[in-house]
Amino acid sequence: MMRLIGRRLLISILILFLVSILVFVATLLLPGDPARAILGQQATPERLAALREQMGLTDPVWLRYLHWFGGLFVGDLGTSTSAGAPVTEVIGARIGNSLVLMVIAAVIAVPVGLVVGTYSALRRGKATDHVFTGISLVLAALPEFVVGIILITLFSTTVFAILPSVTMAAPGHPVWEVPSQLVLPILTLVLVVTPYMVRMMRATMIEVLDSGWVEMARLKGVPERQVIMRHAVPHALGTVAQVIAMQLAWLAGGIVVVEFLFRYPGVGAAMVDAVTNRDVQVVQALSLLIAGVYVVVNLLADVVGIVTNPKLRREESR
Amino acid sequence: MSELTESDPRPDTAAGAGAKMFGSPGTVALRADGLKITSTAGKEILHGVSFNLVAGKIRGLVGESGSGKTTAGLACMGHFRAGLLNTGGSVALYRDGEVLEVLSLNDAGQRKLRGGSISYVPQDPSLSLNPAMRVGEQIMEVLRIHRPEDSERDRRGRITEVLAEVGLRNDKAYQRRYPHQLSGGQQQRIGIAMAFACRPAVMILDEPTTGLDVTTQAMVLKTIGELTRRHAVASLYITHDLAVVAELADDVTVMLRGDVVEDGPAKQVLYSPQHAYTRRLIRAVPDLAGRHRIGEVNAVTGAHPIVTAAGPIVDAAHPIVDAAGTGPGAPQGPASGSEPVSGTRAGERAGRHALPVPHDAAPATDNLLNATGIRLNYGPAQVLDGVDLHLGVGESLMLLGESGSGKTTLARCLAGLNDRYQGNVSLSGTQLQPGARQRSITERQRIQYVFQSPFSSLNPRRTIGESVAVPLQMAGQDSGRQQRAKVLEVLDQVKLGAGYIDRRPGELSGGERQRAAIARALVNAPSVLVCDEVTSALDVSVQAAIIDLLRTLQVETGMAMLFVTHNIALARHISQRMAVLQKGRIVDVGPTDDVLDHPQSDYTRELITNVPTL
Amino acid sequence: MIGTETKTQTIQETKAPPGLLRRMLAQRQGKIGVVLAGVVVLVAFLGPVLMTLITGYTSTEFVGRPFQHDGVFGTDNLGRDILSRFLDGGLQLVIYAALATLLGMALGAAAGMLAAYQGGWLDGIIMRGNDVLLAIPQLVFALLAITVLGPQGWVLVVVIGITHAPRIARVARSATLAVITEDYVAAAQMYAVPRWKILLREVLPNITGPLMVELGLRMTYSIGAIASLSFLGLGLQPPTADWGLMINENRIALIIQPWGVVLPVLAIAVLTVGTNLITDSLARASAHLNVKDTK
């Protein structure tokens, strides 16, 4: 089992490494001259040359990659061209803000998704099942900014003006000092992420409830509660863990739109600003950071899958 | 074989003697009366099924697929699968002098019975045991539910005891195994142990030996028989296998499409059946002795001709079979010499039994297909370990082997479906390339292969006509019109007829599909037909019809046939010679009668002893 | 006697299943989905033609002061007619989303089928490449590409298509893996049918179910992704009329002039809900078609 997990870990590291190359190479394709972009059209050739030298733009590509990659480990993510400050300074404080959103959304969404999905499966074909299935089908279809706008329309403008539609924390103060401004962003994320979990949990539970061993458990006289909790749910969890991981990892990307919508001071909003300003170093760093979250969450899901499956079969999820 | 050694710790009879018994032997323990079950779509599945189960006796519930036998068995426990409704009838359980109406009990009441007084042994233990629970724990679960008054220690003792009773190891380490760490036979015995743990009054066994080797099957059947009689359990043994019923059951109930058509003591039902269906069913069961005919076909070795010796090497370009009578080359061998191949079937059948019986049909000179030193391994697993096999012109050879013997692998090597083997395969003296793609068109046409499952071998998205025409298209010798004519002809040959040409597999029954698959193999008029377990996915009556068809085709076309099977009982019905494959080695080979009457290897002897017979 | 087998079983034969699309439409939610998506697509296609006839204004014409209630739905943040912009704002979204989806399907299905059929090192390379692409969330990947290549139409199509591909490839691969173990594929091999023909004739028709479901799902996501990028100001650029862009431009005045936001939000919501209903119905319909044919 440890070998399997070790293997998964190695693969994850390899993937992150390849992602870093991809991200780096992508920025090489950038047309134009970063030095000129920083200094503007009026810069003298001497100053441009000096800055290029300073930024290492004259080095061969592989050396620049190694320099950049090595910098990741010592917290040197380069310089933001638009802010004129180190990237770590630009995004550092925002990471915490984004994590608050993601973690709270996950803590709400996962149990709700599992419970509603299981309940729906147990009431298969009944009215409550149809209601949950219908709602999750509709919500799953909506892009996150549409969900967010609808929530803003309902709760902070036209219908009930009870919650703030944008984040208004004074700079330097943590966002959670005003909890009400967290409600809508988190609710948006939860509403976008939960429907998939509900649908997958329901589908998986239905499959498991139809399995031979669940029928056998019933034919052994096992009480229904025990059939579900002991024979059905653990099996469903192994499968659904993958979906949960995908959804949680999706949160890492989903916060981009949600933060932009609510003007929330997190890495997502920083990403949009950086793209708008073509601030390459920041985009690189944030892409890698978000990919890192994605890979780690997926790794955890695989570990859950391996631990809950006594067969420890060769990995099938990939 | 390991099954045998693990039965060592089996305790003597005294171990179970102190246990309490429900009912005394001979009294009725369960009575099902007029059971009616309807699907939610409104179709009636059971039309009023009645039977009773007697303590200490086994009732065989026999039927082909779709007869509703499993549904009836589960109804005894008040369990109806999703989409099924109980619309009538009753199930009465007689216990300690009181009568319990199983179907009128509430959920809690039924739950109390299930696994306690009435227990169930499932068909496929690999699906019915919880893969994430240790096997000891799964038995423990039943005991915790139905023996709440016992101490944990008593329960542990009972697990140890019941594991021994079913002939398994019963140490702690074994109890801590997961289902996937056990063989199929061991899993099935865990299922039986679980069912038997609470000393039930009634046991419902749903085809518990399907998929097991005959030797393992014999062990499991013996265990079931002993447990039933020693502890006066009333058992219902659901199966499609009449031979098993003959070995095991005291009484037999025969079902056909939701109705009981015959019911009575086993001897009477099996040996002097009253209902036409039962008679037909029994007639279709192949038997090792080859005493009777299955389908239209006589036991082969006894009174059947061999197409052999001077039979022509069939040229792919000139198919010898032509229903229209225009085919250029009718076979001139001794078997067909006395009658025209393209003659009417009735005439042929009448004449067939009158033909003389040739003897051993394998003089080395007329070897059509020759395989020497075939070896194949997947990593450390040696699947084929130096197999030599030859097949004469027009000869029918049975390749017998149990699961894991390598028989399908061998068949696939010969057909070029598996090109990873070492060794030599030659056809009419020419060495063949390993893979079908590397062989010449003529070579590919001359060896044809029919797959085990007709549910998998035909593309569901293409019509029968399209599928059958593929070999012709790849040969590229015929125009579209000629191809269609040949397809029609061959569909007629397998008795499907022109009406099937534009149908898709989904519209066909299993037997019809297998005929279509055979038609695809025949369309290029092969000289060797490799049939890989072609009847194992089919009901016994359909099996008889397919065997009949294959024999008829073989006589008509003069092709040689390699019939791969796990079912030794078919031997005398299909083959003149047989080879027994065990763990990648041929352990017995020779004329069918010789092998069956004087087996050379212990393995063959054991197979012959363990195979259930009617 | 046994010969009656054929006859009795013919009676029990099942009717040939109707096609996937027909069975999708046979479901109520399938019908609703087609109607919802159909209406929005109709608006998107006819809108640009009809807008001047209905409102008298083009979508980029300034007709008055910002956020007024002139005309049917008033004016937007720059004083353009909201209805005109709405009618003109869906076509590019729908077309780009469709192109991105088709690109993703073509790449993904080809890669997935090839990986499953060939196996070995090719499978390894394709699937590892998938993992790398999957590690970057779709939107982040798109942002990365836009940073480098700028917010242009073809960039949106290509980048969304490419990010769909590995997800579709996974589905195509596992569906193909299930199919190639079937004996009819082995039979085609045995008859030396060319490999491309096997993929095209034996495999592809038998994985259309999962692929159609994937097509619907990816279409929903494409619409969402392109609209999201426009909403972020990184997709279609002003002064183009576009629903995502309209929401971004007008949301500051949600209280005084909601139509500039409400109309495009409704359109996008109805469209994606429609495609998702279609997808779900397709999934139900194909569940009965592509499951292994057993007795």
Side-chain angles (χ1 to χ4, degrees), chain A residues 11-12 14-16 18-19 21-23 26-31 133-134 137-138 140-147 149-150 152-153 156-158 161 165 199 246 249-254 256-257 260-261 271-272 274-276 278-280 283-284 286-288 290-295 298 318, chain C residues 29 33 127-151 170 174 217 220-221 223-234 244 247-248 251 254-256 258 261-262 264-266 268-277 279-280 283:
Chain A
I11 290 177
S12 301
L14 180 71
I15 287 173
L16 267 184
L18 290 173
V19 167
I21 292 179
L22 185 75
V23 167
T27 52
L28 283 182
L29 297 172
L30 192 67
T133 313
L137 194 59
V138 169
L142 298 178
E144 49 272 33
F145 74 94
V146 170
V147 175
I149 295 270
I150 293 174
I152 289 176
T153 314
S156 58
T157 54
T158 334
S165 67
R199 288 164 65 75
M246 266 167 61
W250 178 90
L251 278 177
V256 173
V257 175
F260 176 80
L261 174 64
M271 179 91 179
V272 177
V275 175
T276 313
R278 299 192 120 189
D279 195 342
V280 178
V283 174
Q284 274 182 342
L286 288 176
S287 301
L288 207 55
I290 291 174
V293 173
Y294 196 100
V295 169
N298 266 316
R318 295 279 132 181
Chain C
Q29 66 172 48
M127 294 323 284
R128 286 308 134 213
N130 260 355
D131 284 345
V132 173
L133 286 180
L134 284 172
I136 309 177
Q138 196 157 25
L139 200 68
V140 175
F141 196 96
L143 292 178
L144 190 62
I146 289 166
T147 316
V148 176
L149 301 167
R170 268 186 170 188
S174 66
L217 193 64
T220 310
Y221 286 172
I223 297 164
I226 290 176
S228 294
L229 286 171
S230 294
F231 168 74
L232 294 178
L234 299 168
I247 297 170
N248 188 13
R251 69 192 168 109
L254 192 58
I255 298 171
I256 53 169
V261 173
V262 170
V265 161
L266 266 182
I268 293 171
V270 170
L271 180 60
T272 50
V273 168
T275 52
N276 211 32
L277 285 173
T279 308
D280 196 59

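A, B, ... follow the sequence lines: proteins, then strands. Residue 1 opens every chain.
The candidate with the highest count of non-hydrogen atom pairs below 4.5 Å against chain C, out of L14(A), L261(A), L288(A), is L261(A). Counting heavy-atom pairs closer than 4.5 Å to chain A, the top-ranked of the candidates G224(C), P137(C), A135(C), A145(C) is A135(C). Ranked by heavy-atom pairs under 4.5 Å with chain A, the first of V273(C), L232(C), V140(C), L139(C) is L232(C). In terms of heavy-atom pairs under 4.5 angstrom with chain C, the leader among L142(A), L137(A), V146(A) is L137(A). Chain C forms the most heavy-atom pairs under 4.5 Å with one residue out of A140(A), P143(A), G134(A), and that residue is P143(A). Of the listed residues S228(C), A269(C), S174(C), the one with more heavy-atom pairs under 4.5 angstrom with chain A than any other is S228(C).
Heavy-atom distances place the side chain of V295(A), and not its backbone, under 4.5 Å from chain C. Using a 4.5 Å cut-off between heavy atoms, Q29(C) touches chain A through its side chain atoms alone. Of the two parts of N248(C), only the side chain, counted from C-beta on, holds a non-hydrogen atom closer than 4.5 Å to a non-hydrogen atom of chain A. For chain A, the nearby parts of L144(C) are the backbone and the side chain; heavy atoms of each come within less than 4.5 Å. Using a 4.5 Å cut-off between heavy atoms, I247(C) contacts chain A through its side chain alone, with no backbone atom that close.
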> Are L143(C) and L286(A) close enough, and set up right, to give a side chain to side chain contact (heavy atoms under 4.5 Å, CB included), and what steps lead you there?
Replying inline: CA-CA 11 Å; L143(C) 292 178; L286(A) 288 176; over 6 Å; no
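With sequence neighbours left out, the salt bridge (charged side-chain N to carboxylate O under 4.0 Å, His left out) criterion links D279(A) to no other residue. For Y294(A), the ring pair (Phe, Tyr, Trp, His ring centres under 6.0 Å) test picks out no residue, with sequence neighbours left out.
Closest approach of T220(C) to A141(A), counting heavy atoms only: CG2-O, 3.7 Å. Between D280(C) and R199(A), the closest heavy-atom pair is OD1-NH2, 2.8 Å. Across all non-hydrogen atoms, the minimal contact from I136(C) to V23(A) is CD1-CG2, 4.4 Å.
Using a 4.5 Å cut-off on side-chain heavy atoms (C-beta onward), I150(A) and V265(C) make contact.
One distance of note links CG of L133(C) with CG of L18(A); it measures 10.5 Å at 0.5 Å rounding.
The aromatic rings of F145(A) and F231(C) sit parallel to each other, their planes meeting at less than 30°, with 60° as the upper class boundary.
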